[in-house]
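Single-structure report; data block below.
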Amino acid sequence: MQYWLLKSEPEMFGIDDLQRRPQQIEHWDGVRNYQARNFLRDQMQVGDLAFFYHSNCSPPAIVGVIRIVRAGYPDHTAWQLNHEHFDGKSTPEKPRWFMVDVQYVRHLQRPIALAELKSDPRLHDMPLLQKGGRLSVMPVREEHWNHILQMEREKNG
DNA sequence: GCCAACGTTGGC
DNA sequence: GCCAACGTTGGC
């Protein structure tokens with residue numbers, strides 16, 4: 001069982017959108033970075049949990065918990081000609097990009113903003129907070145996961 | 001293989 | 001809107 005952090009821009013697809021999907025399940029498509037692809041394709045397992053992170057918004061924050069309900073499989077949006085994530089180098093015969101299916105679990109009781117994560121010394125070595133931590137899919141160590149859930153409970157508002 | 005140009009991410 | 005920090009592309 002591993003933990004993850006998945007980024008999405010809430011204006012494109014936020015946690016509320018996931019909550020409204022049928023069975024609260026959606027495929028996590030559009031990842032077009034090889035390192036992130038490798039995590040999706042090779043490491044994510046059904047039952048893994050992930051933080052849903054809202055990026056490119058104000059404030060950027062962890063807003064909820066989601067669960068992996070289908071392991072990596074080819075991202076078919078890559079070969080849909082008019083799709084915004086189209087990539088001609090990926091084909092059904094030789095898929096280049098992969099995705100997983102995720103299911104809504106819950107919102108955090110309060111969003112935990114990037115600034116708060118940065119201010120906590122116990123989280124300093126999270127990949128999210130490193131220079132150049134732009135990956136949209138990254139692993140979260142168990143102690144970081146637990147500590148963030150602890151932060152959720154400690155303050156209110 | 002090198003590296004300059006270019007495109008993207010994403011915080012601020 | 002700005003721009004730092006990437007990653008990718010393609011000429012050589």
Side-chain angles (χ1 to χ4, degrees), chain A residues 2-21 26-44 48-66 68 72-102 104-141 143-145 147-152 154-155 157:
Chain A
Q2 282 186 263
Y3 298 104
W4 304 93
L5 182 142
L6 301 180
K7 294 182 184 177
S8 183
E9 303 186 16
E11 289 204 5
M12 298 295 301
F13 183 77
I15 190 168
D16 295 341
D17 299 304
L18 178 61
Q19 189 178 14
R20 283 191 292 265
R21 286 293 192 269
E26 184 57 280
H27 46 257
W28 201 269
D29 65 273
V31 173
R32 297 292 180 267
N33 168 282
Y34 289 104
Q35 201 179 344
R37 186 279 309 271
N38 293 344
F39 287 135
L40 294 172
R41 186 188 60 188
D42 306 332
Q43 289 189 233
M44 276 194 192
D48 286 357
L49 295 175
F51 286 131
F52 197 125
Y53 177 88
H54 280 175
S55 67
N56 207 9
C57 60
S58 186
I62 294 174
V63 295
V65 175
I66 59 183
I68 310 306
Y73 63 104
D75 181 345
H76 53 72
T77 68
W79 53 75
Q80 288 167 12
L81 206 53
N82 292 317
H83 198 282
E84 63 171 321
H85 297 310
F86 174 77
D87 178 355
K89 294 171 198 151
S90 188
T91 66
E93 295 74 31
K94 253 195 143 186
R96 171 174 300 203
W97 303 116
F98 284 73
M99 59 188 177
V100 297
D101 288 356
V102 300
Y104 174 84
V105 174
R106 66 181 184 90
H107 281 67
L108 295 192
Q109 295 174 41
R110 61 185 186 90
I112 300 184
L114 179 62
E116 185 177 349
L117 298 170
K118 280 183 174 173
S119 73
D120 193 315
R122 293 181 58 173
L123 301 176
H124 270 169
D125 55 344
M126 276 190 86
L128 177 70
L129 308 181
Q130 306 298 309
K131 185 160 76 164
R134 298 182 313 164
L135 263 188
S136 63
V137 176
M138 54 180 97
V140 175
R141 296 217 309 267
E143 65 263 32
H144 292 153
W145 179 274
H147 185 61
I148 289 166
L149 294 182
Q150 187 72 30
M151 293 165 76
E152 177 194 12
E154 277 171 0
K155 289 187 202 167

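Note on naming: letters A, B, ... go to the chains in the order of the sequence lines (proteins, then strands), and numbering restarts at 1 for each one.
When the ring pair (Phe, Tyr, Trp, His ring centres under 6.0 Å) test is applied to A:Phe13, no partner is found at least two apart in sequence or on another chain. In this view, A:Tyr73 satisfies the ring pair (Phe, Tyr, Trp, His ring centres under 6.0 Å) rule with no residue, not counting sequence neighbours.
Using modelled atom types, one finds no donor on one side chain facing an acceptor on the other under 3.5 Å when comparing A:Arg21 with A:Tyr104. Side-chain contact of A:His85 with A:Asp75: a donor-acceptor pair under 3.5 Å is absent, judged by distance alone.
Tested against A:Phe52, the residues A:Leu18, A:Ile62, A:Leu108 include a single side chain to side chain contact (heavy atoms under 4.5 Å, CB included) partner, A:Leu18.
Nucleotides of DNA chain C nearest to A:Arg96 and A:Asn56 differ in position, and the one nearer the 5' end is that of A:Asn56. Mapping A:Lys89 and A:Gly133 onto DNA chain C by nearest heavy atom places A:Gly133 closer to the 5' end of the strand.
A nucleotide of DNA chain B counts as in contact with chain A when one of its atoms lies under 4.0 Å from a heavy atom; the first and last such, 5' to 3', are B:dT8 to B:dC12.
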